[in-house]
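For reference, the structure discussed in these notes is given below.
On a predicted model such as this, the values are computed, not experimentally measured, just so you know.
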Amino acid sequence: MSRRTKMLGFVGVVVGALALSGCNTKQEVLAGERVNVRDVLQEQGTDGAALTETGSRAISLPAAQSNTSWSQSPVSPHVRTSHAALASTLSPLWSVDIGAGDSRRKRLNATPVMGDGRIYVMDAEHVVRAVSTSGTVLWSRDLTPLREKSHEGQGGGLAFAEGKLFVTSGFGVMVALDPASGNEIWNQRLGGTASGAPTIRDGVAYVVAGDQVAWAIEADSGRMRWQIEGNGDVNNLAGPGAPAVDDKYVVFSYGNSSIQAAFRKGGFRVWNADILGRRNGISLTTVDGITGVPTIVGDTVYAANHSGRMVALSLYDGARVWTAQQGALGPVWAAGGSLFFVSDQNKLVRLDAATGEEIWLKDLPGWVTRRNPNKKRDRSYANLGPILAGGRLIVAGSDGQIRSFAPEDGSLVSSVEIKGGATTRPIVAGNTLYVVSGDGVLHAYR
């Protein structure tokens, strides 16, 4: 045997002995709390610190107003009631059937509006109805086109302005109706699904069709004034939010996480911005839609995606003011220098509007309990809101409860049952709260 072979054999014996001795070494168990890596990735604030569910800060709310209408989406300042008057405790006043509710093939998601003493609603089969403040159905109109089936078009939205009721539908049509009779005044084909609500100001209706084309339509005739194109995305959600409008600008959101501002009068594009970034470890981050649709507050636009990012942008040039690691499932509600919203993780959140700093967050009902614990969770509760009314934040849940929270610390103040579970955001007018349940019933509380 050669000297080289002997040397290699000796080295092999030494390495084997060391390996065996290592196996016999007892590993030390480190003390301390075990934290899931995903929890650390998912629960972070704007500075990277872990989020907490406690916190409190005084807030100066605007005075409550006894409003008589809730005519359009509150994302635009000219129609927003920042703090509606409402009793401190709610009791059921009346309820009325408004048509088809949610099912596997049809969804009821058009938020009611109110004007001229009537509540206007649209059911899951595209039937629009006017309801009196005493709960009587005054008229109805089916907007399903001839030779089409109601389930073939999903979504839609309502707006009341300038003596007309404006309705969009998943069939790609925008219609103006006489609010007193329901008779059609005009209709405009949009060339794409119109599953979100329009916004109307100064004789012009603004809407996004197909999640990628912005329209400006003459409110008196239905003729197109101008249109501009954005970018859609196949991974998207039905029901883009209403465009946000102020004195000079209109802000649209599209299906690819982009936001675009244009001059209201001519449609000239002013700036574009993208909400990039996503929450790691959750499959829902593949959805790029802007669910926290742009909301104008002063000279700032607040918006969020479905995947764990919220931004504050300058209304004038789109410059980024701050970014928070929170998504939103609906528009923010701004009051007292704070932003309130339901996050992509089903939490009620309060942020500082100036900095994006988290003040508090509270858990809301999450996944639906399964009878068979071995099956995967495939359905979650919807928490719709919040709105500020009667000095508290109100969130309507599909779990069958309308909850009220204190703006200072997010503590639960009260709750009232809604049979069938809420399926639309609540509105408040005439010191009364209105909300539609999943079984197609309009409920009134006072």
Side-chain angles (χ1 to χ4, degrees), residues 59 61 64-70 74 81-98 101-102 108-114 119-121 123 131-137 329-331 333 335 340-343 346-350 360-369 379-446:
I59 187 171
L61 298 175
Q65 299 178 346
S66 185
N67 58 313
T68 59
S69 67
W70 193 289
T81 301
S82 297
H83 185 187
L86 191 66
S88 57
T89 58
L90 294 177
S91 299
L93 183 61
W94 51 257
S95 59
V96 61
D97 190 337
I98 62 160
D102 278 341
L108 198 168
N109 57 9
T111 299
V113 296
M114 182 174 179
I119 307 102
Y120 305 97
V121 294
D123 73 1
V131 181
S132 71
T133 54
S134 61
T136 302
V137 176
L329 299 181
W333 194 276
F340 303 94
F341 58 94
V342 175
S343 77
N346 252 342
K347 297 177 184 292
L348 182 61
V349 182
R350 178 186 176 189
W360 54 253
L361 62 119
K362 296 294 179 181
D363 283 324
L364 295 171
W367 292 97
V368 177
T369 302
R379 187 162 58 94
S380 63
Y381 289 118
N383 294 285
L384 303 148
I387 64 171
L388 177 65
R392 59 199 188 277
L393 301 165
I394 299 175
V395 179
S398 65
D399 67 327
Q401 294 292 319
I402 300 174
R403 296 176 173 84
S404 298
F405 299 88
E408 295 81 6
D409 59 8
S411 58
L412 181 64
V413 176
S414 63
S415 64
V416 61
E417 182 184 10
I418 174 171
K419 293 182 179 179
T423 192
T424 68
R425 292 171 64 89
I427 68 171
V428 174
N431 298 284
T432 306
L433 183 143
Y434 302 97
V435 64
V436 178
S437 59
D439 53 0
V441 176
L442 174 64
H443 300 261
Y445 298 85
R446 184 180 295 171

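- Across all their heavy atoms, Val416 and Pro92 have their closest contact at CG2-CD, 4.5 Å.
- Rounding to the nearest 0.5 Å places OG of Ser82 at 8.0 Å from CG of Leu388.
- Interatomic distance, Ser398 OG to Leu384 CG, rounded to the nearest 0.5 Å: 7.0 Å.
- Expressed to the nearest 0.5 Å, how far OG1 of Thr424 lies from CG of Leu108 amounts to 7.5 Å.
- In this structure, Trp360 contributes its side chain and Glu408 its backbone to a donor-acceptor pair below 3.5 Å.
- Considering all non-hydrogen atoms of both residues, Val413 and Ala406 come closest at CG2-N, 3.5 Å.
- Annotation: side-chain contact (heavy atoms from CB on, under 4.5 Å) contacts of Pro74 (sequence neighbours excluded): Trp70, Arg80, Trp333.
- Put simply, the side chain of His83 gets close to the backbone of Gly391: a donor and an acceptor are under 3.5 Å apart.
- With respect to Arg425, the side chain to side chain contact (heavy atoms under 4.5 Å, CB included) criterion is satisfied by exactly one of Val435, Ile394, Ile387: Ile387.
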Original post:
What's the verdict on side-chain contact (heavy atoms from CB on, under 4.5 Å) for Lys362 and Leu412, showing C-alpha distance, side-chain angles and the deciding distance?
Top reply: CA-CA 9 Å; Lys362 296 294 179 181; Leu412 181 64; over 6 Å; no
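- Under the 4.5 Å side-chain criterion, counting only non-hydrogen atoms from C-beta, Leu364 is not in contact with Tyr381.
- With rounding to the nearest 0.5 angstrom, the CG atom of Asn383 is 11.5 Å from the CD atom of Gln401.
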Subject >> Residues Thr81, Val428; criterion side-chain contact (heavy atoms from CB on, under 4.5 Å); working and verdict >> reply: CA-CA 9 Å; Thr81 301; Val428 174; over 6 Å; no
Original post:
Arg350 and Ile59: side-chain contact (heavy atoms from CB on, under 4.5 Å), yes or no, with the steps?
Top reply: CA-CA 11 Å; Arg350 178 186 176 189; Ile59 187 171; 3.7 Å; yes
Throw together a table of side-chain donor-acceptor distances under 3.5 angstrom for residues 437-446, partners on residues two or more places apart or in other chains.
from	atom 1	to	atom 2	distance (Å)
Ser437	OG	Asp439	OD1	2.4
Ser437	OG	Val441	O	3.3
Ser437	OG	His443	NE2	3.0
Tyr445	OH	Glu417	O	2.9
Arg446	NE	Thr432	OG1	2.9
Arg446	NH2	Thr432	OG1	2.8

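- For the pair Leu393 and Pro386, the tightest heavy-atom approach, listed with the atom from each and the gap, is CB-CB, 4.3 Å.
- The line from CZ of Arg392 to CG of Leu61 is 12.0 Å long, rounded to the nearest 0.5 Å.
- Here CG of Leu93 is found 11.0 Å from CG of Leu433. Values are rounded to the nearest 0.5 Å.
- Tested against Val436, the residues Asp123, Asn109, Thr423 include a single side chain to side chain contact (heavy atoms under 4.5 Å, CB included) partner, Thr423.
- Closest heavy-atom contact between Trp94 and Thr133: NE1-O, 3.0 Å.
- Across all their heavy atoms, Ile427 and Pro112 have their closest contact at CG2-O, 3.5 Å.
- The two residues Asn67 and Ala84 come nearest to each other via the heavy atoms OD1-CB, 3.5 Å.
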Original post:
Can you list the steps and then say if Asn431 with Ser66 is a side-chain contact (heavy atoms from CB on, under 4.5 Å)?
Top reply: CA-CA 6 Å; Asn431 298 284; Ser66 185; 3.1 Å; yes
